[in-house]
Amino acid sequence: MRLLAVAFLAVSAAASAQSPTSVEHDIARRVRADVEFLASDSLEGRDTGSKGYQVAADYVASQFRAIGLEPAGDQGSWFQQVPFRRASYDQQPTISMTIGGKQLVLENGKDAGLRPSVTAKSRNLTAGFVFVGYGIKDARYGFDDYRGLDLKGKIAVALQGAPSGLPSDVSAHIGSSKSNYAAAAGAIGFVEVRRNDGQSDTAVGRGGRPIIDWVDSKGSAGSVAPGMQLQLSFSNAWAERLFEGAPKSLDAIRRDAKASSRVGPRGFVLKPTISVQAESKWEDFTSPEVVGKLPGSDPGLAAEHVVLMAHLDHLGIRTDAKPGEDAIYNGALDNAAGVATMIEAARQFAAQPVRPKRSILFIANTGEERGLLGADYYANHPTVPAQSIVGLVDLDMPLLLYPFTDVTAFGADHSTIGATVTEAGRSMGISVSPDPMPEEAIFTRSDHYMFVRRGVPAVLLMTGHANGGKGHWDAYLGKTYHSPQDDLTQQIDWDAGARYALLNYRIARAMADGARRPMWLQGDYFGDLFDPNGPRTTAAASGKP
Ligand SMILES: [Zn+2]
C-alpha cells in the first residue's frame, strides 16, 4: 500500500465478532505459516528485484502448484518477468534558465528537481514554458486547460491540485494524469507548482535520486507518457521566477485558486526558457509477477477471467539504520498478509466440489511499493487476452490486528461489484462501511487501479474502523506503516486473516459464477472513461441497496 498522508475521520459502531469455525482455524493456521515465512528476516524485506523477493516468488509458485493451479505466466511458467530499469545520475545534470536576458545556473536537488530518465539516456535541449492552469483535460467535467494554447515542444507548468467539488477519487485520478494530458497536447516536459508557498520542497530534493520503472520491448515505460522528456519540479523561489514578466504572478494565481472553487486559472505563455544537459545511467533487471490459473468449468464462460491479486514486494532493507537497529522492512501486514490470504482464497476455490464457471487468475505482484509497477506492466501485457479479464479483487494490507466486523470496499461503488461485496459480507456477518479517509483516494493508489485504467471493474477491501478498528488503524498508520516494525512482533489476529481470505473468496466466487460478468454502473466516471463500449447496468438492477 502506498498512502499519502495519515489523517482520519471518526467512524463509530461496534459489533461482536463471531467465533471462528474449525475451517477458519485451519485457514488461520496456514495464513500464519505463510506470513511467518514471507515476513521472515531471511527474505530481507522482499524488495523488487532482490534475492529475497525471488525466494518469496518461488514460494508462492510452489504453493500455487500444491493447491492445483496451472502456471499462467510467460511460456508456460509461473512467472511473468517484468523488465525493470533503474535510472540514475553519475553526474548531476546541468540546468540553466534564461530570465530577462540573463542566464542563471540551477542546482539539481536544491533549486530544481529533474528526475533521471528511463526512456532518454541523453537529454540536451532548450525549451520554453506555458502555464496551463490546473493542466486538466476532462470531457465529463468540461475541463480543457489546454484550449487555445500551443504546447508543441514546450514545458507545461500546472498548478497543483484540481478544482474543488470533485469526488475524491476523480480528483486523485485527474491529479495523477496531468503529465499525460500535457503529453497529449504536445508538451515535452511537465512541471507542477505548489498551491501554497509554505509547502516543503520534497519533490525538488528527490529530483536527483534514482528512479525505477518498467520499460517494455517497444521502449514504452510505465510512468512516462509518450514524448515526455522532462519531469521537473522547482523550489518555491524558482517557481515564482518562472512567472517573471507574465500576465499574472504565481502569487496572484494562488490567490485566485483559493478564491474560486470551479474555474481554474487561465493559461498563458511564460517568458523564461530552460536549458538542460543530462546523462542518465541505466541498470536493467527483471523481477517476476507470479501467475497461477484455475480453469473455469462452464464451456461458455471459462474463457473469461476473474483476477485475485496481492502485492508480494515490500521495501527491502533500510540503508540509514544505526548499528543494532532493526533495518529489515518485513512487511508482515503490507503485504505478506494479503499474499497469504490470497493463497488461502485460491485453496478455497480449488477445494470446492464444483469449479467456478469463469476461470480465475491469481497474481502476486512485484514493484507495488515502487509505483504499482508490476500490476501496471501485467495490465498492459496480460498473459491472457486483455478483453477476457472481466473483474478483479485486490488484497492489500489487511490490518489483521483485531476481529474486524466491517470493511470498506474501494472501487465497489463504481460497478456491480458493490452489490456483490454487500451480499458476500452479509453472508459472513460483515458490514460494508463508507470510506473513512476519502482524502487518501485509495481507489487510485493501489494495484487494482492499474486494471481499472484498462477498463476492468475492481475492488479492494480494507478492514474497517468498527470493533476497535479505528484505534488499530490510527496506531498502525502513525507508527508502523512502512517501518521495520511492520513485522511479526505485532499481535496478529490470525482468525481475522481467515475471515479476510473467506470474504475475498466469496466475492470472487460470486463474480466468477454470475450469469453476467461484473459491469460498470451506467454513467460511472471510470467506466465511461476507460471502458466506454463495455456492458452497463444501473445501480438498482445490480441489486445495490
Ligand atoms: Zn506499502
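FYI, side chains are in, hydrogens and waters are out, and symmetry mates aren't considered; it's all heavy atoms of this structure. Position 1 is the first residue of the sequence, and the numbers go up from there. Counting starts at 1 for both ligands and their atoms, following the listed order.
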So, is Glu368 placed with an N/O/S atom under 2.8 Å from the Zn ion (ligand 1), counting both backbone and side chain?
no
Do any N/O/S atoms of His482 come under 2.8 Å of the Zn ion (ligand 1)?
yes
If you consider just the N/O/S atoms, which atom of Asp334 is the closest one to the Zn ion (ligand 1)?
OD2
Return yes if some donor-acceptor pair links the side-chain N/O of Ser177 with the main-chain N/O of His173 below 3.5 Å, else return no.
yes
Assess Asp396: does it contribute an N, O or S atom lying under 2.8 Å from the Zn ion (ligand 1)?
no
Using only atom types and a distance under 3.5 Å, with no angle test, would you say the side chain of Asp495 pairs donor to acceptor with the backbone of Glu24?
no
Can you name the N, O or S atom of Glu369 that is closest to the Zn ion (ligand 1)?
OE2
Which pairs count as salt bridge (charged side-chain N to carboxylate O under 4.0 Å, His left out) when at least one residue sits in residues 27-39, sequence neighbours excluded?
Asp26-Arg29, Arg30-Glu344, Arg32-Glu36
Side-chain (Asp486) to main-chain (Thr480) donor-acceptor, under 3.5 angstrom:
no
Relative to the ring of Phe526, is the ring of Tyr449 parallel (under 30°), tilted (30 to 60°) or perpendicular (over 60°)?
perpendicular
